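Single-structure report; data block below.
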Amino acid sequence: MTVLAPTSRDPRRVDPSAAIARTKPRTSLQETGTQILAMAWRALKKMRRKPEQFFDVLIQPLLFTAMFAFIFGGAISGSVSDYLPLLIPGILAQTALTVCMATGVQLREDMDKGVFDRFKSLPIARIAPLAGPMVADLVRYLIASVLTLVTGLVIGYRPEGGVLGCVGGIALTVVAGWSLAWIFTWLGTMARSAQSVQGISMMIMFPLTFLSNAFVPAETLPGWLQGFVKINPVSHVVSAVRDLFNDGAVTAEVGWAVVGCVAVVAIFAPLAVRSYSRKM
């Protein structure tokens with residue numbers, strides 16, 4: 001019997017059996033974090049190449065703050081200066097909610113274009129393609145919040161909470177926007193098109209924003225509506241930001257706002273990942 005000598009293998013060729021043997025059944029926590037940051041970097045590069053994604057965070061804070069202040073200031077509080085301590089935290093919440101609404105729309109657009117079909121073939125955690133863009137969106141929340149505060153300062157707002165109070169209020173707004181974005185991410189994985197995601201998101205955004213204490217004192221609303229305002233998570237965020245901006249105080253409202261943010265993430269993050277995994 002003739003014995004064939006072993007042939008040398010091409011070092012550039014990947015052995016499928018060896019690759020499968022090195023594959024881990026589960027992604028570690030450290031690897032998941034690295035993959036999320038990689039996806040966040042991809043989303044930031046996408047924003048840089050498409051600057052129109054910043055239009056809502058650059059124009060809306062300036063437009064809404066000035067418009068609401070000068071149109072409703074005299075009617076609600078008697079003057080613009082008296083209305084600004086009530087208005088600016090409300091505009092912050094509205095801006096964060098509007099900005100995070102775009103997360104679901106952009107996610108659905110990427111899924112429709114087949115981008116996530118490529119992610120399906122990669123050995124990465126299922127949460128990475130969802131959480132990565134949301135981490136990148138923290139930049140958008142921060143820009144929108146700072147511009148809202150700066151616009152308020154320009155037209156006469158003087159927060160009594162000082163620098164620390166303003167930093168705390170902006171940080172809380174960014175956290176609230178990031179947590180609420182999980183709702184719209186879940187919608188992005190459930191809806192059939194980006195247009196439907198946008199339509200459903202608008203139906204959620206307007207009640208949460210305008211049926212709250214963002215623009216008017218809750219005491220001026222009908223009794224049946226005050227009950228909804230009290231349980232509205234946006235109302236707790238607005239009250240907490242007002243306490244930080246106007247008084248520099250970490251009150252119970254701040255605690256309730258943080259608890260609400262944690263609850264939203266705990267509910268909707270698993271729902272989004274589960275829905276995304278089923279679609280993949």
Side-chain angles (χ1 to χ4, degrees), residues 54-100 137-180 205-206 208-221 226 229-230 232-261:
F54 287 97
F55 284 174
D56 56 344
V57 301
L58 295 176
I59 298 176
Q60 180 176 309
L62 307 177
L63 179 62
F64 277 26
T65 303
M67 182 176 65
F68 276 78
F70 291 108
I71 292 178
F72 299 112
I76 295 177
S77 299
S79 66
V80 174
S81 59
D82 292 335
Y83 186 48
L84 289 177
L86 178 75
L87 173 68
I88 299 302
I91 292 291
L92 276 172
Q94 184 202 36
T95 302
L97 191 59
T98 305
V99 172
C100 72
D137 281 342
L138 292 174
V139 177
R140 302 174 71 239
Y141 305 147
L142 181 61
I143 293 174
S145 300
V146 171
L147 283 180
T148 300
L149 178 59
V150 170
T151 305
L153 294 174
V154 170
I155 61 179
Y157 177 50
R158 297 296 179 265
E160 298 293 334
V163 176
L164 291 179
C166 292
V167 171
I170 290 176
L172 180 60
T173 303
V174 172
V175 171
W178 185 82
S179 62
L180 291 174
M205 184 198 70
F206 279 110
L208 286 178
T209 302
F210 290 98
L211 298 183
S212 69
N213 61 351
F215 305 114
V216 297
E219 296 77 15
T220 63
L221 301 174
Q226 291 185 24
V229 171
K230 290 180 181 179
N232 188 343
V234 175
S235 297
H236 291 291
V237 174
V238 172
S239 298
V241 175
R242 281 182 184 145
D243 292 338
L244 291 169
F245 272 20
N246 299 327
D247 302 320
V250 181
T251 60
E253 288 292 345
V254 178
W256 281 115
V258 173
V259 170
C261 293

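Computed from a predicted structure; not experimentally measured.
By the side-chain contact (heavy atoms from CB on, under 4.5 Å) test, Ala69 is found to be paired with Val80, Leu84, Leu87, Ile155, residues two or more places apart in sequence or in another chain being considered. Listed by chain and residue number, Pro89, Leu92, Leu172, Thr173, Val237, Phe245 satisfy the side-chain contact (heavy atoms from CB on, under 4.5 Å) test with Val241 (two or more places apart in sequence, or in another chain). With sequence neighbours left out, Phe215 forms a ring pair (Phe, Tyr, Trp, His ring centres under 6.0 Å) with Phe68, Phe210. Legend: residues meeting side-chain contact (heavy atoms from CB on, under 4.5 Å) with Val216, ordered by chain and number and at least two apart, are Ile76, Thr220, Leu221. Partners of Asp243 according to the salt bridge (Lys or Arg N to Asp or Glu O under 4.0 Å) rule, which considers only residues two or more places apart in sequence or in another chain, do not exist here. Residues that satisfy the side-chain contact (heavy atoms from CB on, under 4.5 Å) test with Val150, not counting sequence neighbours, are Val146, Val154.
Contact detail for Pro61 and Thr95: the closest heavy-atom pair is CG-CG2, 3.9 Å. Taking every heavy atom of both residues into account, Leu211 and Asn232 meet most closely at O-ND2, 3.0 Å. Taking all atoms of both residues into account, the shortest heavy-atom contact from Gly177 to Cys100 is O-CB, 3.4 Å. What you find for Thr209 and Gln94 is that their closest heavy atoms are CG2-CG, 3.5 Å. When all heavy atoms of His236 and Glu253 are compared, the pair lying nearest together is ND1-OE1, 3.0 Å.
Taking CG of Leu86 as the start and CZ of Phe72 as the end, the distance is 12.5 Å to the nearest 0.5 Å. Ile91 CD1 to Leu147 CG: the interatomic distance, rounded to the nearest 0.5 Å, is 13.0 Å. Atom CG in Leu97 sits 9.5 Å away from atom OG in Ser212 (nearest 0.5 Å).
With Ser179 contributing its side chain and Ala176 its backbone, the two residues share a donor-acceptor pair below 3.5 Å. Formation of a donor-acceptor pair under 3.5 Å by the Arg242 side chain with backbone atoms of Ile88 is not found in this model.
Residue pairs meeting the side chain to side chain donor-acceptor pair (under 3.5 Å) criterion with at least one partner in residues 143-163, sequence neighbours excluded, are Tyr157-Asn246. Within the structure, side chain to side chain donor-acceptor pair (under 3.5 Å) pairs that include any residue of residues 77-91 comprise Ser79-Ser81, Ser79-Asp82 (at least two apart or interchain).
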- Message: Could you go through Leu244 and Val254, starting from their C-alpha distance and side-chain angles, then the distance that decides it, and tell me whether this counts as side chain to side chain contact (heavy atoms under 4.5 Å, CB included)?
- Response: CA-CA 8 Å; Leu244 291 169; Val254 178; 4.2 Å; yes
